[in-house]
2 protein chains.
Amino acid sequence: MAILGFLRDFSLHGYDLKNRVASLAGHVRPVADGTLYPTIKKLEEAQCLTRRTAPGSVAAPRHMLEITQTGTDQLRRWLRDPEQGFITDDNKWYVLLAFLHHLENPREQALVLARRREFLDQPTQLFFDEHGAPIPPELLDSPFRKGLMQIHRSTNLTEIEWLDRQIGDLNRRAGFAVRQRGAE
Amino acid sequence: MAILGFLRDFSLHGYDLKNRVASLAGHVRPVADGTLYPTIKKLEEAQCLTRRTAPGSVAAPRHMLEITQTGTDQLRRWLRDPEQGFITDDNKWYVLLAFLHHLENPREQALVLARRREFLDQPTQLFFDEHGAPIPPELLDSPFRKGLMQIHRSTNLTEIEWLDRQIGDLNRRAGFAVRQRGAE
DNA sequence: ACAAGATATATCGACTCCGAGGCAGAAAGC
DNA sequence: GCTTTCTGCCTCGGAGTCGATATATCTTGT
């Protein structure tokens with residue numbers, strides 16, 4: 001998804017792509033060559049991108065990669081209806097967020113944000129005692145577990161506030177667009 | 001690591017373990033049976049835990065798992081000197097934090113927190129233009145990328161504050177313990 | 001003249017992990 | 001009596017990922 005998302009911005013070659021993916025997700029979990037190049041090949045076989053050999057600006061020749069219509073469609077499908085892991089796993093969610101603007105309909109964008117919002121709304125119970133009874137944060141003996149839950153709550157609240165603002169904005173914009181079309 | 005960490009709290013059987021791991025990490029990325037049971041077997045072979053068959057309280061018989069001294073040592077080694085991924089990947093970091101209290105020396109605990117603190121201190125540059133020049137958040141056209149960076153900054157600050165407080169506490173405690181021993 | 005390092009692409013074997021499925025006993029609903 | 005559901009353990013195949021390795025070009029420093 002990150003590959004197609006970046007290519008949607010502008011066409012790139014593998015090496016550049018590698019650096020961009022590394023700075024986005026790789027900050028957290030670097031992407032190996034052995035993962036990137038086979039994936040590019042697979043996307044090419046699936047006709048999601050095309051390849052043009054161009055002289056290297058600095059050294060060896062590059063393969064310029066460009067996204068196709070098929071690739072754009074595929075990217076939009078992934079963004080519109082992401083697997084649950086992209087909603088629940090912070091790392092994946094941030095990657096999704098980084099490319100959500102490629103989904104052009106504000107209503108669809110709002111729906112994706114709403115899924116994340118719904119997930120964050122679920123109360124999380126992380127720790128249990130011997131008998132499986134939940135332990136409230138204030139009774140935890142480990143300061144690290146206490147901090148873990150504090151940070152978790154605080155960061156969730158920050159994100160929820162942002163999500164609510166965004167969802168409101170997007171729906172207003174969608175409503176406005178509808179009224180515009182209705183007035184024609 | 002999560003398996004040994006939970007077993008260090010109290011001995012458990014596989015199914016219970018599965019639920020605890022699921023509520024900790026699995027909230028984000030569920031753990032499959034096909035991952036858990038082979039891992040238990042590997043840990044048993046490495047003599048990190050022992051297995052006793054006990055009648056099931058509700059249904060089928062259980063295998064009660066108990067951590068050994070070897071397992072405790074292994075857990076402490078992992079906690080004391082974690083791989084870089086446990087520092088940089090939020091999901092893994094939270095798992096580490098959940099069991100850091102099993103590392104009993106406050107000075108060692110503080111050192112691990114300091115590694116995380118140092119990682120969070122590095123400025124993160126996520127997005128670049130066609131020519132590879134960094135794009136500052138206020139110039140980003142995508143509201144989602146803007147929000148991504150806002151949330152990232154805000155949650156980092158929250159965690160850094162907590163880390164600084166904890167590191168201070170731990171070092172004070174370590175210093176106090178040393179003075180206590182020195183006074184004997 | 002030569003080595004080192006960045007640029008640039010690609011493959012292979014080893015490893016991990018997951019999903020699907022199987023096996024089995026007990027309780028609960030129809 | 002029958003199926004479903006929950007508990008509880010385990011295995012296998014396939015997918016995906018990584019680290020190591022190979023190759024080639026150009027620049028820069030010595």
Side-chain angles (χ1 to χ4, degrees), chain A residues 1-3 6-7 11-23 25-26 28-46 49-66 78 83-86 88-89 91-92 95 128 131-132, chain B residues 1-3 6-7 11-23 25-46 49-65 78 83-86 88-89 91-92 95 128 131-132:
Chain A
M1 186 201 277
I3 292 175
F6 276 122
L7 288 180
S11 72
L12 294 164
H13 51 99
Y15 193 75
D16 196 355
L17 204 46
K18 190 174 90 180
N19 292 332
R20 284 167 196 267
V21 174
S23 77
V28 156
R29 177 193 270 267
V31 179
D33 281 11
T35 307
L36 184 68
Y37 286 106
T39 307
I40 290 175
K41 195 181 249 185
K42 260 176 56 186
L43 287 171
E44 195 189 7
E45 278 160 16
L49 55 82
T50 57
R51 197 188 289 242
R52 269 185 314 111
T53 302
S57 67
V58 184
R62 305 160 157 180
H63 291 179
M64 294 303 287
L65 307 172
E66 262 170 80
W78 280 335
E83 287 168 32
Q84 193 57 13
F86 278 93
T88 61
D89 186 326
N91 296 339
K92 290 189 178 182
V95 172
F128 303 87
H131 314 295
Chain B
M1 186 200 278
I3 293 176
F6 275 123
L7 287 181
S11 72
L12 294 164
H13 50 100
Y15 193 76
D16 197 355
L17 204 46
K18 191 175 91 179
N19 291 331
R20 284 167 196 268
V21 175
S23 78
H27 179 61
V28 156
R29 178 192 268 265
V31 179
D33 279 13
T35 307
L36 184 67
Y37 286 106
T39 307
I40 290 176
K41 194 181 252 182
K42 261 177 55 187
L43 287 171
E44 196 188 6
E45 278 160 19
L49 55 84
T50 56
R51 197 189 289 242
R52 269 185 315 111
T53 301
S57 67
V58 184
R62 306 160 156 177
H63 290 180
M64 295 302 289
L65 306 173
W78 280 334
E83 288 168 31
Q84 192 58 15
F86 278 92
T88 62
D89 186 325
N91 295 339
K92 291 188 179 185
V95 172
F128 303 87
H131 315 294

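These numbers come from the heavy atoms of this one structure, side chains and all, not from hydrogens, waters or symmetry mates. Chain naming here is simple, since letters A, B, ... match the order of the sequence lines and numbering starts at 1 in each. Just so we're clear, the structure is a prediction, and the values are computed from it rather than from any experiment.
- Taking atom CG of residue B:D16 and atom C1' of nucleotide D:dT7, one finds them 11 Å apart after rounding to whole Å.
- Distance NZ (A:K92) to C1' (D:dT17): 13 Å, rounded to an integer number of Å.
- Residues A:H63 and A:T53 come closest through the heavy atom pair CD2-OG1, 3.7 Å.
- Rounded to a whole Å, the CZ atom of B:R20 is 12 Å from the P atom of D:dG8.
- As a whole-Å value, the separation of B:L36 CG from C:dT16 P is 16 Å.
- Rounded to whole angstrom, the span from the CG atom of B:L17 across to the C1' atom of D:dG8 amounts to 13 Å.
- For the residue pair A:R51 and A:L65, the shortest heavy atom distance occurs at CG-CD2, 3.9 Å.
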Identify all pairs in which a protein N or O lies below 3.5 Å from an N or O of nucleotides 10-12 of chain C, and state each distance.
from: C:dA10; atom 1: OP1; to: A:R51; atom 2: NH1; distance (Å): 3.2
from: C:dA10; atom 1: OP1; to: A:H63; atom 2: ND1; distance (Å): 3.3
from: C:dA10; atom 1: OP2; to: A:R51; atom 2: NH1; distance (Å): 3.0
from: C:dA10; atom 1: N6; to: A:D33; atom 2: OD2; distance (Å): 3.4
from: C:dT11; atom 1: OP1; to: A:K41; atom 2: NZ; distance (Å): 2.8
from: C:dT11; atom 1: OP2; to: A:K41; atom 2: NZ; distance (Å): 3.1

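- Rounded to a whole Å, the CZ atom of B:R62 is 17 Å from the P atom of C:dG25.
- For the residue pair A:T35 and A:T39, the shortest heavy atom distance occurs at O-OG1, 2.5 Å.
- Rounded to an integer number of Å, the gap from CZ of A:R52 to P of C:dA8 is 15 Å.
- Between A:R20 and B:F128, the closest heavy-atom pair is NH1-O, 3.0 Å.
- Considering every non-hydrogen atom in both A:G34 and A:P38, the closest pair reads O-CG, 3.1 Å.
- Contact detail for B:I40 and B:L49: the closest heavy-atom pair is O-CD1, 4.2 Å.
- Computed from coordinates, the A:K42 NZ to D:dG14 P distance equals 16 Å when rounded to whole Å.
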